[in-house]
Trainee: 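So that we are looking at the same thing, I have put the structure below in structure tokens.
Naming: A, B, ... by sequence-line order, numbering from 1 per chain. Hydrogens, waters and symmetry mates play no part in the numbers below; they use all other heavy atoms, side chains included.
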Amino acid sequence: MAVGTSTPGLFDLTPTEDQRLIRDTAAEFAAEQLRDRAAEADTRHGAPDDLVAKSAELGLTLLGVPEELGGVATARAAVTSILVTEALATGDMGLAVACLASAAVSTALARWGSGDAQATYLPRFVGADVPVAALAIAEPHALADPFEPHTVARRAPGGFVLDGAKSMVVRAAQAELFVISAHLEGGGPALFMVEADTSGLTVTADPAMGVRAAGLGRVDLTDVHVPETALLGEAYAECVRLSRLAWCGLAVGTAQAVLDYVIPYVNDRVAFGEPVSHRQGVAFTVADIAIELEAMRLATYRAAARADAGLPFAREAALAHRLCAEKGMRIGSDGVQLLGGHGYVREHPVERWYRDLRAVGVATGGVLV
Amino acid sequence: MAVGTSTPGLFDLTPTEDQRLIRDTAAEFAAEQLRDRAAEADTRHGAPDDLVAKSAELGLTLLGVPEELGGVATARAAVTSILVTEALATGDMGLAVACLASAAVSTALARWGSGDAQATYLPRFVGADVPVAALAIAEPHALADPFEPHTVARRAPGGFVLDGAKSMVVRAAQAELFVISAHLEGGGPALFMVEADTSGLTVTADPAMGVRAAGLGRVDLTDVHVPETALLGEAYAECVRLSRLAWCGLAVGTAQAVLDYVIPYVNDRVAFGEPVSHRQGVAFTVADIAIELEAMRLATYRAAARADAGLPFAREAALAHRLCAEKGMRIGSDGVQLLGGHGYVREHPVERWYRDLRAVGVATGGVLV
Amino acid sequence: MINLEVPETLATVVSQAHRAAAEILRPGSRRNDRAEHTRPPELDVLGPLADHLSAFGPGGGPKPANKAENRNGSNLTSVLGIMEMCWGDAGLLLSLPRLGLGNAAIASVANEEQAKRFAGKWAAMAITEPDCGSDSAAIRTTAALDGDEYVLDGEKIFVTSGERADVVVVWATLDKSKGRAAIKSFVVEKGTPGFELVRLEHKLGIRASDTAHFRLENVRVPRENLLGDPEIDVRRGFAGVMQTFDNTRPLVAAMAVGVARAALDETRRLLTDAGLTIDYDRAGPRQPAAVAAFIALEADYEASYLLTLEAAWMADNARPNSLPASMAKAKAGRCATDITLRCIELVGSLGYSEDSLLEKWARDAKIMDIFEGTQQVQQLIVARRLLGKSSTELK
Amino acid sequence: MINLEVPETLATVVSQAHRAAAEILRPGSRRNDRAEHTRPPELDVLGPLADHLSAFGPGGGPKPANKAENRNGSNLTSVLGIMEMCWGDAGLLLSLPRLGLGNAAIASVANEEQAKRFAGKWAAMAITEPDCGSDSAAIRTTAALDGDEYVLDGEKIFVTSGERADVVVVWATLDKSKGRAAIKSFVVEKGTPGFELVRLEHKLGIRASDTAHFRLENVRVPRENLLGDPEIDVRRGFAGVMQTFDNTRPLVAAMAVGVARAALDETRRLLTDAGLTIDYDRAGPRQPAAVAAFIALEADYEASYLLTLEAAWMADNARPNSLPASMAKAKAGRCATDITLRCIELVGSLGYSEDSLLEKWARDAKIMDIFEGTQQVQQLIVARRLLGKSSTELK
């Protein structure tokens, strides 16, 4: 760590006017639409189609797509995407992931797709009827490392053949298109577009501890043939970093929901003749939630802003991710603890946030900024 | 982890009558002799000779030596040694280490020395005038691993030639005899007896953050020749484990000193009209010190009792050591914190315990049970 | 002589419990987790086992004849058995017939006649109310003597096995103005008029266990159903009730230890299958991060395990164990949550999926840090004892 | 536009500070640590530098002309400069002439005449007393007006740079019965009769900095030496004093950040020399434990660093920053201790030896979690703001 790297711009924590606008719109959508329907979606293990469709009206799939390709991005938009992701997650992490799944693919296409691939797929993502799509990186084996996928891609006449399995695939059962990471034989890890109806690809529901509204599934690939154009460009590490950052945004939004929920709760709840918030044990827990949350947010913003500015951001993304995985989980656990027995039942959303926040430490893929 | 291993004996936390006696004697010595002289020894970077001599009267060097060799042990005595180590450390960790240094060597000799070596050296250790000696395992390079010493021993005519450097060597400047770990070429790590006046061996003072009363030094070995009989038997891993356990005993005793010191302090100290112990922030810290301390103690006893019973104890020693290094350090830090600014000045011993307790995570050698 | 191993004398009981856990409890874990509010079919098989275990329950078994003699008795047996059973499934353990908290309360404070009358009944315990958590002195459910009956009115939540049990031990106050001393426990038979099941809770974990919410409206029970002394003795009235907690805290600590061990065992299996070696001697900065993390978690497990054994052993030897009981509960409760959550992270997405039981154990574990006195309540108890403070000084 | 990088406009100041830290402060670190209570020879060189830095001190510099305009001003400059200087040596930074806390107090509350009169004086600050720690309302040192002079009596401890400073700003009460509103600060010149240095403390760390204990017996100072308003205004009397803390907390947070970075930089060097690679992308369970631990520590460093910048940036932009200031101080204070202690453990016995500065940084760091309001005080401030509680509700 040498002296901090300098950039021409001033240190600034103020979003632009445009960013504020879309963030506020997303926050409103989260408060009015997502929060109320989260419990049911969690139980049903899937997001209501109408809700995802409504979220598309926010223009989520346009955020990472440049204007010339039909999107709204005038520059790299990691910060904007983080702000939107965070805002949606204040409503519900699982539903936010469901709403953002197709945007992960449109962003990946816009960033790393060939002209051919963009021409083939992007128009629908920037149109009125956004297809369901998913970015699949995680794998269902212990100690999986996104940089060493067990899924392999062999070169074959006219393209590649993929074999392996992917886990935590968002809305897997509904998706028409997957972007799948695989180890390219003779190369390194890479991303491939695979249409859902390709022969050899099967989807199984794979419900998990949390983010259940995202309808997580497992995708198995046996001898799956894809064309040359299925290979996305040379940006694997960047994709993993930007996906981890998106999970940071989800963690920040969810942790904010926890904080906003527990403050009135501990003020209202009376024990031994006083609000429980008058006890340091309770009050310090709330203080620590707020402190760690603010740090999670700042670290995430810093990494995203560096990505947008074209600065190296591997370090900053890793540090933000470490904070969001660890402190985010602690916030989820403390949220339940602050409510005591009431935190353990579904009447209150904190038990869901406990389950959701564990995802941040294990997930890669699904979302992207 | 299968179902807990069973032994014929009942679960029991009661020391034997003999153990209680020697532990109480050691505790008395710690309270009456060590505590008062700790601050000065810390500053002087060395233990007063008269104090170490007095401690020898407790029979410390006899504890690990069987009766037939002039000691008092009727069986393996790890538990007894732990109890004594813990008791001495309640007075002062640095002085305890100084007092126990020669016992580490007499125990090693009794356990792993050849008949020749025992005949040569042991009589003085069980006599009236115990020689200063030190068990040297740690090394002064980053990420040193006791199982991969950089110090090497080559076979040479009539014995071995040692080259390398050792750190944290207790009372290095006064010691007459060292037991030194080295990588035996063509073998693994092993222990060698090296007399202090052997040509090629030099000693430098190497004061550290804490345990300063132990007079830590660095021993450099350049082309040091030792005879065949210098090699101690095949028990390297056991020696490392038993030394780590001895450090656990030191941690437990020191942490107990912290707890015993902070309880009256926080009860006496008044702020905002009440004893500070009436605040949960303070009270819960005290509770956690007590909880972690008790767990450190039980884990240490368990490992030592397994060693005495001849059961495998690598796992238990490692777990006890992890607890004592980590929670012990937290107790040291919390001790200072509970005293606030007063904890930061030498008027109170907690700042010394903060420095001492960091040793547990980095030290191997010096003490042995 | 200091020895912290499980004695041979208990090896059979422990291995029986482990076998039951492995063969009966564990196989149905996922099914019962998914089918919340459905009676687990295992309960029929487990009834007789539970009766066998209850003979070893805390407070049960012969007392030591000689104070100096070291005993490994019913308390140690109970915690060891519970660890094994919860290694199998904590939700099912909590559902074991006739091993409810209410049974523990009856065993602790019932007189001879009551003990006989309620023998063989499965008893749940109803303490918490919608507006009282840890603060049992705030209980609003009232019991008024009317002729030969007490009339109970109030609302009770978080009643474990409330639906499945035969009777519910209900805490109620004879006189709100007299604080804790006026709180008594009453045995209410299921089916008593006015004793209404409001709902069963949907929970984060331990879903095999039912958690009931009751309303009591003009519920009449015979005056002989008041457990213990009906007089309000301001000096010691609450002691009997608190005694129950001293006995049950090590049991909850044991539950936490069992769940934590389940997660560690599974994680160890997955790590070693993935090619890592847990080398305890070489524990150091160069070994793989997952191994170092695993050993750190295992150290916290060892701490929880030993504190739990200590608390039980002290009870067996008739030593006051309120302090170690709370220490064990505090440490085991928080560590079970940490350990199970971290195990998922070590393993990765596989551990997060319902394909693995790791995610379930992280949900089950959290209750261990909450019920029978939260982490904060245990810290208060420990701190008050150490600092010599009353509950009005250290609140 | 959101950007959390140090701007070009401050790069020169930061790199100057870094150079001074590397070339002047760091080389003497071990010598000054060993020679506690000896005036570090570096202070002679550092005087002019300190005067240069003080121009950027908190509260100094021009105020923003336009509220909407984003400013990177003196507060941000100060914290960045302090981080670099403490990367060099925290004890020496605390000893910088004319940059004492007393100077900050004078800058905050002095009137024009006082500002002029005390310009160029090195001012220490005396708040704490033997029986008052965080509880400044408990101050017993009294100030009684006698003609044109105040007469001060009492005892003060933990006065940083107390021996070396020219004047000491002493907190004293005009009327003990009126609580905090009656507490005023008085400039006491060194050499004033009755103002006696009792002793210098021997400390765990920051030994280059002297910490004085004073007794005041019948110390007479001109009435013009009372800083700020001499009236006791119960409504707002304490605000000015607390304002000083809002300004100084980010500075202490910055000190903690600087020390933590020193330890991380050195540890990174040692780990990479030992053959390990810090791979941020591959951060996972298979990498070496030391690398995973290092990255976890660095994440806490990053958190502390960014919270500190935020608190300073808010002050620069005239936004209320009491909450972020306490957040930064709480997080940076505790993390600096954790990070420096863990770095020693990662490195091993080498890091514990005086041959390395790692052990010194772990001693220096601990004060950052204590002075200018302990961890607990910061948590109280944060919690009260979030929960909307007064200091009588949440004590």
Side-chain angles (χ1 to χ4, degrees), chain A residues 1-16 19 79 83 143 145-147 237 240-241 259 263 266-267 274-275 277-280 282-284 286-288 290-292 294-296 298-299 301-302 304-306 308-309 311 314-323 326-327, chain D residues 1-11 14-15 18 70-72 76 80 84 261 264-265 268 278-286 295-296 298-307 309-310 313-314 323-324 326-327 330-331 376 378-384 386-389 393-395:
Chain A
M1 271 167 290
V3 183
T5 318
S6 298
T7 61
L10 292 185
F11 183 97
D12 193 359
L13 296 176
T14 326
T16 64
Q19 286 171 338
V79 169
L83 294 172
L143 304 185
D145 177 346
F147 288 92
V240 170
R241 288 176 208 141
L259 180 64
I263 287 176
V266 298
N267 273 339
E274 275 183 279
S277 59
H278 289 192
R279 303 280 163 257
Q280 285 189 351
V282 167
F284 287 7
V286 174
D288 283 342
I291 292 167
E292 300 297 353
E294 187 62 13
M296 284 160 56
L298 293 172
Y301 288 179
R302 183 183 188 196
R306 287 180 68 93
D308 283 351
L311 295 168
R315 172 184 175 274
E316 289 72 19
L319 301 183
H321 191 247
R322 187 89 290 279
L323 289 175
E326 184 188 330
K327 319 295 186 190
Chain D
M1 197 177 89
I2 289 176
N3 170 42
L4 290 88
E5 305 306 310
V6 173
E8 287 282 12
T9 52
L10 299 182
V14 171
S15 79
H18 188 75
N70 174 40
R71 274 180 50 80
N72 286 188
L76 194 63
L80 289 168
E84 298 305 326
R261 208 186 76 203
L264 288 172
D265 282 353
R268 176 197 296 271
I278 315 281
D279 181 337
Y280 291 103
D281 284 330
R282 304 293 293 274
R286 287 184 192 273
I295 290 175
E298 204 182 352
D300 270 333
Y301 161 81
E302 181 85 351
S304 308
Y305 168 77
L306 294 174
L307 286 170
L309 297 192
E310 177 179 44
W313 176 80
M314 290 186 73
L323 181 63
S326 282
M327 283 183 166
K331 178 71 182 172
Q376 291 71 26
Q378 309 307 331
Q379 284 174 313
L380 275 172
I381 294 170
V382 171
R384 283 180 193 141
L386 292 169
L387 296 162
K389 296 293 175 185
E393 289 168 324
L394 174 54
K395 295 185 280 201

Trainee: Can you tell me which portion of D:L380 sits under 4.5 Å from chain A's heavy atoms? Options are side chain, backbone, both or neither.
Mentor: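 Contact with chain A involves both backbone and side-chain atoms of D:L380.
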
Trainee: Do D:M327 and D:E310 touch side chain to side chain, with heavy atoms closer than 4.5 Å?
Mentor: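 Of all side-chain heavy-atom pairs linking D:E310 with D:M327, none is under 4.5 Å.
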
Trainee: Shorter than 4.5 Å, heavy atoms on both sides: which option in D:Q378, D:M314, D:K389 has the most such pairs with chain A?
Mentor: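 Of the candidates given, the most pairs with chain A belong to D:K389.
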
Trainee: Below 4.5 Å, heavy atoms only, C-beta onward: do D:I2 and A:D12 meet side chain to side chain?
Mentor: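 No, their side chains stay 4.5 Å or more apart.
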
Trainee: Please classify the contact between D:Q376 and chain A as side chain, backbone, both or neither, with a heavy-atom cut-off of under 4.5 Å.
Mentor: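 Backbone plus side chain of D:Q376, per the 4.5 Å heavy-atom cut-off to chain A.
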
Trainee: Taking it one step at a time, do A:R322 and D:E302 satisfy salt bridge (charged side-chain N to carboxylate O under 4.0 Å, His left out)?
Mentor: CA-CA 11 Å; A:R322 187 89 290 279; D:E302 181 85 351; over 6 Å; no

Trainee: For a 4.5 angstrom cut-off between non-hydrogen side-chain atoms, does A:L83 reach A:P15?
Mentor: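 Yes - at least one pair of side-chain heavy atoms lies under 4.5 Å apart.
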
Trainee: Out of A:A283, A:A305, A:A299, A:A317, which one racks up the most heavy-atom pairs below 4.5 Å with chain D?
Mentor: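 Top count of heavy-atom pairs under 4.5 Å with chain D: A:A283.
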
Trainee: Look up atom CZ in A:F147 and atom CZ in D:R282, then write down how far apart they are to the nearest 0.5 Å.
Mentor: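 Here the rounded value is 7.0 Å.
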
Trainee: So which of D:L323, D:L306, D:V382, D:N72 has the largest heavy-atom pair count under 4.5 angstrom toward chain A?
Mentor: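 Highest number of pairs under 4.5 Å: D:N72.
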
Trainee: Taking every non-hydrogen pair under 4.5 Å, which of D:L309, D:D281, D:D300 racks up the most with chain A?
Mentor: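 With the most close heavy-atom pairs to chain A, the winner is D:D281.
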
Trainee: For A:P275, is it the side chain, the backbone, both, or neither that has a heavy atom closer than 4.5 Å to a heavy atom of chain D?
Mentor: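 Looking at A:P275, just its side chain touches chain D.
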
Trainee: Is there a side-chain contact between A:M296 and A:Y301, using heavy atoms and a 4.5 Å cut-off?
Mentor: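 They are not in contact (no side-chain heavy atoms under 4.5 Å apart), so the answer is no.
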
Trainee: Starting at CD of A:E292, measure out to NZ of A:K327 and round the result to the nearest 0.5 Å.
Mentor: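 Rounded to the nearest 0.5 Å, the CD-NZ separation comes to 5.0 Å.
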
Trainee: So what's closer than 4.5 Å to chain D heavy atoms on A:V282: side chain, backbone, both or neither?
Mentor: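 Interface part for A:V282: neither.
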
Trainee: At a heavy-atom separation under 4.5 Å, does A:V79 approach chain D through its side chain, its backbone, both, or neither?
Mentor: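 For A:V79, the side chain is the part near chain D, not the backbone.
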
Trainee: May I ask you to name which of D:R286, D:K395, D:E393 has the most heavy-atom pairs under 4.5 Å with chain A?
Mentor: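 Looking at each of D:R286, D:K395, D:E393 in turn, D:E393 comes out on top.
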
